[in-house]
Amino acid sequence: MENNQEEKKSVIKRVKDWYRHVTHKDDPHYISGKESRKIAKDNRKTTRAFEKKKLAHVAESDYVTQMRDPSNILEVDGLCTYFFTDAGVSKAVDGVSFDIPKSSIVGVVGESGCGKSVTSLSVMQLVQAPQGQIVGGSIRFNTQDYKKGEDGKPIPIWEYEEVDGERVIKTQPKLNKKGKPVLDKDGKPVMVNVQALDGNGFPAFEMEDKVFDIAKMPTRAMQRIRGKEIAMIFQEPMTSLNPLFTIGNQLDEVVLLHTPGADKELAHKRTIEMLQLVGIAMPEIVYKRFPHELSGGMRQRVMIAMALACNPKLIVADEPTTALDVTIQAQVLDLLKDIKTKINGSIMIITHDLGVIASMADYVVVMYAGRVIEKGTVEDIFDTPLHPYTIGLQKSKPVINKDVEELYSIKGQVPNPIDMPKYCYFKDRCESCIECCNGEYPPLVQVSDTHFVACYRADEARMASINAKDRAQKEREELEAATVPQAEQASTADVVTEQTEQDATEVGESVQTESQPKTKSQKTTNDEPNITIVKKTTTAKSKTGTSKSTSAKSTGSKSTAAKTGAKSTTAKSGTKATTTKSGTKSTATKTTGSKSTAAKSGTKSTTAKSSTAKSATAKTGTKSTAAKAGAKKTTTAKSTTAKSTTAKSTTAKTTRAKSGEKENK
């Protein structure tokens, strides 16, 4: 009996386990059919309320606001975009905040599924309805709108002319479709006012500055700025262009729809200008072609031309280079940079390629699981990343100058957007989490003037950032300090080399020779102080590694060279050392291994005239030249480097130095 009861219990247990496994009772994300029907009913009720608000006729004052910083073109604060599905509410964007300054490029980066594209679609109010809805936050856009008159129409700007000293509105005959003037009942042409044109050839209207909250704007009001003030370049041009219409028809539609008073002729002219601007050859032929007749790069250029047709103040580029090869990617990115300068607008570029962000963006916003985890300038994000997710993204990049077996990858998966945890979304994948990470989601903390990070270790990250910047500044200063002396040394060496070569050329390589008796005709007279007469000599007869050198000696003592900061070089055996002193140049040969020191003391060297000694000297301030009359050319050796030697004496005798003796110890 007891055995039968135990068998029944075991069978019941097995059945319950099987039922729990089949019906996914243990799966925390599993919902039953009854729960799914209840969720769908609640979603229909919620989305119906949001769609009713979009179609309602509300006053303009309900969605006109003020900018927090007038220098920004777009301010996103606490944006929340949810998708109401049968499985639950998917929080694709949950509390995103960032700014786009005027005339700047802001890059939004993150892995797939982090909410980048949904954020851009929310800015354009193009989220797929009725499931996708903007449920909270604000999107403030700083722009200009047409100033409307009492009839609710834009006020045109007329052209004026002087008639009899009075300024009146210029008029012209009204023309029909055939270009002929329209006549009234009396047969006179109907006159109409001439409207002025703006810089792009569009009819000019009076404008006024306004700030719109896109999150609260109804659909009808949003159509005034979407495509005109804010334009978007979509990810895949083939799915964005209509395959049933030509390129010209689709571009003309943008101009005709968003430009009051524009006609087909003006739209055609503007379309051709835009195709030329984006670098498409033969725009008249491309104007008549269909999208499937163009290559991928040309289709992307057409999308850029369509976005620029009405001179928008903000361009949203959602991964514009994803489906293109590397060369076309570079061309498209360069084109965006050039266009940003030409239209003086701002660009919000969305990509998962960090290389594109580093080369283009001025500011970077890093997103993860529908939230902004770090933002700042491109230098802040790439030089001193603070959030572990941002650090992991940069580690995942392939590096050319390093040998690695495999690329770094962030472990784990993004949490389910339908059932997001209350703690930090990156905690389960973080390698440096601490105990406080189990608490509430960390707020966005300001680390510097432009750097923000959402992490509990922000204080440690701030100190690490400061230390890193200090180290970088110290290394920069040390590098500069080491570079300056090297530059000075290189410039001094260049000057010495140039001076040495110039001395060897200008002096004529005159040498001091052995003492021989002079005749009266060969002696230097005081009447010609700038000329030195030199007899035929032979220098530096080296035997078995020894050489003869001549040097100046003072009476009864050896002359020493004063070291006054000048740099000296070594003259080898058989070479000549040249000395520069206050404009005076002299030469002397040296023995092997001996070193001479140069003195630039600013003193003037004088030479003594002796009846028993003969020397080749040069007076102070003059350059000695070798006299060619009656003397043969001296045999000389080219000096590679030279050290100058001088003698401080009132009388000097030239003697022959023994081989191997060192001068000026």
Side-chain angles (χ1 to χ4, degrees), residues 50 53-81 93 95-106 108 118-127 133-150 152-155 157 198 200 202 204-232 257-260 307-308 310-317 340 343-350 362-363 365 372 375 444 450 452:
F50 282 112
K53 289 182 180 179
K54 290 181 181 179
L55 301 176
H57 294 278
V58 297
E60 190 179 80
S61 58
D62 293 344
Y63 53 85
V64 173
T65 180
Q66 297 293 329
M67 297 292 290
R68 183 180 66 253
D69 186 359
S71 62
N72 293 332
I73 191 69
L74 185 75
E75 294 177 351
V76 180
D77 281 340
L79 176 63
C80 297
T81 302
V93 175
V96 170
S97 300
F98 62 91
D99 300 335
I100 300 180
K102 293 181 180 179
S103 302
S104 64
I105 300 178
V106 176
V108 182
V118 176
T119 302
S120 64
L121 293 174
S122 300
V123 171
M124 297 293 295
Q125 213 179 84
L126 290 176
V127 181
Q133 299 291 338
I134 300 175
V135 300
S138 63
I139 307 172
R140 295 184 293 273
F141 180 59
N142 191 1
T143 183
Q144 286 185 333
D145 193 19
Y146 293 115
K147 191 175 182 179
K148 297 181 179 180
E150 296 178 356
K153 296 181 179 180
I155 301 175
I157 299 177
D198 59 9
N200 300 314
F202 295 154
F205 294 89
E206 294 185 12
M207 307 293 290
E208 59 181 349
D209 295 333
K210 286 186 179 180
V211 178
F212 295 119
D213 190 349
I214 297 176
K216 298 178 181 178
M217 290 183 71
T219 303
R220 187 180 298 274
M222 185 63 191
Q223 292 176 354
R224 302 206 311 262
I225 64 173
R226 184 172 54 215
K228 182 179 183 297
E229 302 294 333
I230 306 178
M232 187 167 184
L257 183 63
H258 296 290
T259 306
L308 300 174
C310 296
N311 284 335
K313 293 181 174 60
L314 176 63
I315 299 175
V316 180
K340 177 248 177 185
I343 67 174
N344 195 23
S346 301
I347 297 178
M348 174 183 173
I349 183 169
I350 297 169
D362 302 319
Y363 300 91
V365 177
V372 175
K375 62 181 180 179
L444 204 62
T450 57
F452 298 82

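When reading the values below, keep in mind they use all heavy atoms of this one structure, side chains included, and skip hydrogens, waters and symmetry mates. We count residues from 1, following the sequence as given.
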Does any part of the side chain of E206, heavy atoms only, come nearer than 4.5 Å to the side chain of Y146, both counted from C-beta?
no

Any donor-acceptor pair under 3.5 Å linking the side chain of D213 with the backbone of V64?
no

For the pair K210 (side chain) and T143 (backbone), establish whether a donor and an acceptor sit closer than 3.5 Å, ignoring hydrogens and angles.
no

Applying side chain to side chain contact (heavy atoms under 4.5 Å, CB included) between K375 and each of V106, T450, V365, report the one that passes.
V365

Closest approach of S138 to R140 (non-hydrogen atoms, all atoms of both residues)
OG-NH1, 3.1 Å

Compare all side-chain heavy atoms of M232 with those of L121 and state whether any distance is below 4.5 angstrom.
yes

Does a sphere of radius 6.0 Å around CZ in F205 hold more than 12 heavy atoms from other residues, nucleotides or ligands, not counting ones at 6.0 Å or beyond?
yes

Just do the side chain to side chain contact (heavy atoms under 4.5 Å, CB included) check on V372 and F452 with the steps written out, would you?
CA-CA 9 Å; V372 175; F452 298 82; over 6 Å; no

Working to the nearest 0.5 angstrom, can you tell me the gap between R224 CZ and F212 CZ?
5.0 Å

Between L79 and V93 the two heavy atoms that sit nearest each other are O-CG1, 3.4 Å

N/O donor-acceptor pair under 3.5 Å between S346 side chain and P101 backbone
yes

Over all heavy atoms of both residues, which pair between P218 and A56 is shortest? Give the atoms and the distance, please.
CB-O, 3.8 Å

To the nearest 0.5 angstrom, please state how far the CG atom of D77 sits from the OG atom of S97.
5.0 Å

Taking all non-hydrogen atoms of both residues, which atom of E208 and which atom of K147 are closest, and how far apart?
OE2-CA, 4.1 Å

With a 4.5 Å limit on heavy-atom distance, are the side chains of T81 and V96 in contact?
no

Nearest-0.5 Å distance that lies between atom CD1 in I230 and atom CG in L74
6.5 Å

So how far is it from M222 CE to L126 CG, rounded to the nearest 0.5 Å?
7.0 Å

Check step by step if side chain to side chain contact (heavy atoms under 4.5 Å, CB included) holds for L257 and K228.
CA-CA 9 Å; L257 183 63; K228 182 179 183 297; over 6 Å; no

Criterion side chain to side chain contact (heavy atoms under 4.5 Å, CB included) on M217 and F141, from CA distance to verdict:
CA-CA 11 Å; M217 290 183 71; F141 180 59; over 6 Å; no

Say you draw a straight line from CD1 of I347 to CG of L314; how long is it, rounded to the nearest 0.5 Å?
9.0 Å

Has D362 got a side-chain atom pairing as donor or acceptor with I105's backbone, closer than 3.5 angstrom?
yes

Closest non-hydrogen atoms of C80 and G95, given as atom of the first, atom of the second and distance, are SG-N, 3.5 Å

Report the C-alpha distance between E60 and D145 in whole Å, list the side-chain angles of each, state the deciding distance to 0.1 Å, and finish with yes or no for side chain to side chain contact (heavy atoms under 4.5 Å, CB included).
CA-CA 12 Å; E60 190 179 80; D145 193 19; 4.2 Å; yes

Rounded to the nearest 0.5 Å, what's the gap from NZ on K148 to CD1 on I155? Could you check?
11.0 Å

Salt bridge or not for K216 and D62, using N-O below 4.0 Å?
no

Between E75 and R68, which heavy-atom pair has the shortest distance, and what is it?
OE1-N, 3.0 Å

